[in-house]
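These notes concern the structure reproduced below.
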Amino acid sequence: MKFCTSRIMQWWERIFMGNTLLNWLIAIGIIVITWTVIRIARVVLLKRFKKFSTSTRTTLDDFIVQLAEGALVPALYLGGLYAGVSYLTLSARVERLLQIAVMVVVTFIIIKTITSALNYLISNALGHNAEDIEKKKQARGIIIIVNIVLWVLALVFLVNNLGYNITSVITGLGIGGVAIALASQNILGDLFNYFVIFFDKPFEVGDFIIVDDKMGAIEYIGVKSTRIRTLSGEQLICSNTNLVNARIHNYKRMEKRRVQFNFGLVYNTPPDKVQKVPVLVKEIIEAQESTVFDRAHFSAFGQFSLTFEIVYFILSPDYNLYMDRQQAIYLAILNAFKKEGLQFALPTQTLLFNEVPFARPELKS
């Protein structure tokens, strides 16, 4: 019996790749047990939570499930593997390779988690409407730039932790970055102004704007330029810097439209009829839908006419509705003035002819 026990102990104590068989079995047992527990927890807990998340309205639990499957579970598997391998006595080279592998995987998981959280926050903040879908398309450029910056920082972190001196490399990149920035300052200016447009939102896709002497609807907002579909049909491409620095009239943000127009009556109009004109125009405007009357006044003695000034509001930013109401008001004024015998003034000039000295001059128009 003692002989068998001694033979078994000798067998367990055999050295294989720098470790006894007993140590290898313990390390493998740690890995197997850890992975089995993770597997059971994934099937039982994560599956139930995933089923629960499908029955809720919020998207936060769906994001947690996605994050757990994409980052947490692989990190736990890696932790179990590292715990088992760490039990063994390894050579300095193997330990170094193991540390590098773990560092690379952990860095990848961390950056993947940050980028996933960033995508979720932006998508959740923008919503799911038709306009929000357009905003998400615009946000893709920002997400790509942020991802590139994060991965570059992660690469620098890895290289630095691997023992390499990257100070000279960073200094060279800094000098090269300054040179590139000076050479491409217009492009970088458009890029930063894209961020201004995205976060400040002076206009969005679909807005009707006027910039300088150009007008049209925003069709696309890019990283460098914005495309506008003008009223005449062609596409106008403007750099983001020019748009941010320009004075923009955004008609989509207009809640109501103020309308002012003038007209003149002939000078021989009787005073009692002149007094009726503001009341008559007020009744015509108030009879229209989506309009609010503001004022109507006999405002001035013009050079050729008695001038009236009319102001009212259209309760909509729609340009077609504005034109429809304006046309209806003008036609109603024409019909009402025709019934009242009121005449619009035309540019006329009165000349006095005095053919005989000291005689009364003849009046001709």
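The analysis underlying the following values was restricted to heavy atoms, covering all of them including side chains, and did not include hydrogens, waters or symmetry mates.
Counting only heavy atoms from C-beta outward, the side chains of Lys214 and Ile210 never approach each other to under 4.5 Å.
With sequence neighbours excluded, the residues forming a side chain to side chain contact (heavy atoms under 4.5 Å, CB included) with His297 are Arg295, listed by chain and number. In this view, Phe337 and Phe263, Phe344 satisfy the ring pair (Phe, Tyr, Trp, His ring centres under 6.0 Å) rule, not counting sequence neighbours. Considering only residues two or more places apart in sequence or on other chains, Phe298 meets the ring pair (Phe, Tyr, Trp, His ring centres under 6.0 Å) condition with Phe301, Phe308. Taking the ring pair (Phe, Tyr, Trp, His ring centres under 6.0 Å) definition, one finds that Tyr322 meets it with Tyr319, sequence neighbours left out. For Arg227, there are no salt bridge (Lys or Arg N to Asp or Glu O under 4.0 Å) partners, not counting sequence neighbours. Residues meeting the ring pair (Phe, Tyr, Trp, His ring centres under 6.0 Å) test with Phe261, sequence neighbours left out: Tyr330.
Heavy-atom neighbours of Gln235 CD from other residues, nucleotides or ligands within 6.0 Å: above the threshold of 12.
For the pair Asp207 (side chain) and Glu204 (backbone), a donor-acceptor distance under 3.5 Å is present. Between the side chain of Arg257 and the backbone N or O of Ile314 there is no donor-acceptor pair closer than 3.5 Å. Lys282 places no side-chain N or O within 3.5 Å of a backbone atom of Ala296 that could act as its donor or acceptor partner. In this structure, Thr291 contributes its side chain and Ile285 its backbone to a donor-acceptor pair below 3.5 Å.
A donor-acceptor pair shorter than 3.5 Å can be found between the side chains of Thr226 and Asn240. Checked by atom type, the side-chain pair Ser239/Thr241 shows no donor-acceptor distance below 3.5 Å. Side-chain N/O atoms of Thr307 and Asn262 include no donor and acceptor closer than 3.5 Å.
In this structure, Gln275 and Val279 approach most closely via the heavy-atom pair O-CG2, 4.4 Å.
Val244 and Ile228 fall within a single hydrophobic cluster, where Ile, Leu, Val, Met, Phe, Trp and Tyr side chains are chained together by heavy-atom contacts under 4.5 Å.
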